[in-house]
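Beneath this line is the structure, given in structure tokens, with notes to follow.
Both ligands and their constituent atoms are indexed starting at 1 by order of listing.
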Amino acid sequence: MIKFDYRNADALVVGAENGLNLSQEFDEYKDKIAWIIADLNKRKDKPGQWLQWMNLGYSEETVWYVKEYAALVRNRFDNLLVLGIGGSALGGLAVTEALLKPYWNLLSKEQRDGYPRIFFLDNIDPDSINGLLNILDLKKTLINVITKSGDTAETMSQFLIVKDRLEKELGDDYRKNIVATTDKKTGILRQIAEQEGYKTFVVPDDVGGRFSVFSAVGLLPFALLGLDIDEITNGIKDMDLALKNTDIKENIAAQNALIQYLMDTKKGKDISVMMPYSSRLKYVADWYVQLWAESLGKNEDLNGNHVHVGPTPIAALGATDQHSQIQLYNEGPNNKIINFIRVEEFDTILEIPRIFEYTGIGYLGGKTINSLLNAEADSTRVALSDYARPTVTITLPKVDGYNIAQLLYMLEVQTAIAGELYNINTFNQPGVEQAKNYTYALMGRAGYEDSARSLQAKMSLA
Ligand code: PA5
């Protein structure tokens, strides 16, 4: 199991001004946390609660279907191109970057065991879309278009461009190169997929984009890339079982949710930094940023009060950002809580050769890069505590499917518990919808004429 260490968020280590009296806080919040956990587990099967993501680890049917399709198309494609944005892309990016061999796309087909290269087009920069499409052999490329709503402008415009090029290159056969992951009934993509006869997978009801990584949104690309889906679902299930424990002393998601919440609301730490010490976990930090920001940044609480809550998440990478952000974290405003992720065992042990021993870098010889990286994680944590800066540390025994699934699922549950503590709706995103609607209006979508008029008026005022 992954481990969680909160000692450096305690007043005993970082002082009363910046640290929490955690044994007292855990006691004080014991009943509330127990109620929240029990309530989430009670509500999770009810329609409209947006908690179906808590059941994804148990969806044997989805696992079966994604494996079946992956087996069917095995060896047919050299590339997998995922079209999607936000929650439809970030989970896939985080998990594939963590679990595929490093520099996957540069490996030969044999080194990839015949599995395809992977590309996520999660933006609409014309140069990068065009650049990528120019280098991919579309005949050998499987396109997985992912959008829950089925009409997100970024994803659908990518889809239109790719479909057009595919059809021009492949003629009527192009349909075999498209697989759509979307809502089971609604949305324009569902309509198109049915008309055109694409293979489809479902984003289940009551699973929001940022909580969808363990639905077909993530599982399909994982299976197509040869990742061990069972290892992933075992990780989710074991973590789910552990997080059903209503005792805060035993529940790491509840502990960190409470720590992050109290740091923000009591200690003025309204910035939450996610800093893994592993390049393979770089996109886990990006995924966390979206999860935390869209879920907790809310105008209204559940009683309709204007509260404007939400800690600001920041992604950092150890050791790289020690030479970029840590100066600010140590000496700038004391308004952050830093979440370290540390890996105990890497796949590789990389020894530093004993050369230039007579120079000032002689001390490195004979050590491993592994011990250097973890020494840097430890020393940064201690330096931060010397500056009275609170941190918590999540430790992964190693980066594999089981532990990554545990980590992501733990962070999802942590987010849901934090949302309850803030008393907000964790699962909506009205602030995103507003800009989406304005984009539709600007681009002339039918039904958005009023928004277009109000937008034009506002833009000419600006
Ligand atoms: O988490 C969310 O709900 C969002 O980030 C969505 O995933 C994102 O806006 C893309 O939406 P869709 O999957 O409908 O294209």
Please say which of Arg117, Lys109, Lys140 ends up in a side chain to side chain donor-acceptor pair (under 3.5 Å) with Asp78.
Lys109
Which of the numbered atoms in ligand 1 are under 4.0 angstrom from any heavy atom belonging to Gln429?
3 (O)
Using the salt bridge (charged side-chain N to carboxylate O under 4.0 Å, His left out) rule, collect all pairs that involve residues 414-433, keeping only residues at least two apart or in two chains.
Arg43-Glu420
Ranked by distance from atom 6 (C) of ligand 1, the top protein heavy atom is Gly87 N, 3.9 Å
Within ligand 1, which atoms have a heavy atom of Gln290 less than 4.0 Å away?
1 (O), 2 (C), 4 (C), 5 (O)
Is it the case that more than 12 heavy atoms not belonging to Lys176 sit under 6.0 Å from its NZ atom?
no
Go through the side-chain N and O atoms of Ser215 and Ser212 and say whether any donor and acceptor fall under 3.5 Å apart.
no
Atoms in ligand 1 flagged as close to Arg210, the criterion being non-hydrogen separation under 4.0 Å:
1 (O), 2 (C), 3 (O)
Name of the residue among Leu291, Leu317, Leu411 meeting side chain to side chain contact (heavy atoms under 4.5 Å, CB included) with Met274
Leu411
Identity and distance of the protein heavy atom lying nearest atom 3 (O) of ligand 1
Gly209 N, 3.4 Å
Is Met275 close to Asn339 at the side-chain level, that is, under 4.5 Å between some pair of heavy atoms?
no
Please report which non-hydrogen protein atom sits nearest to atom 9 (O) of ligand 1, along with the residue it belongs to and the distance in Å to one decimal place.
Lys436 NZ, 3.6 Å
Looking only at protein heavy atoms, identify the closest one to atom 8 (C) of ligand 1 and say how far it is in Å.
Ile85 O, 3.7 Å
Salt-bridge criterion met for Arg210 and Glu412 (N-O under 4.0 Å):
no
Could you find the nearest protein heavy atom to atom 13 (O) of ligand 1 and give me its residue, atom name and distance?
Ser88 OG, 2.7 Å
Atom 2 (C) of ligand 1: closest protein heavy atom, distance to 0.1 Å, is Glu294 OE1, 3.3 Å
Which of the numbered atoms in ligand 1 are under 4.0 angstrom from any heavy atom belonging to Thr152?
11 (O), 12 (P), 14 (O), 15 (O)
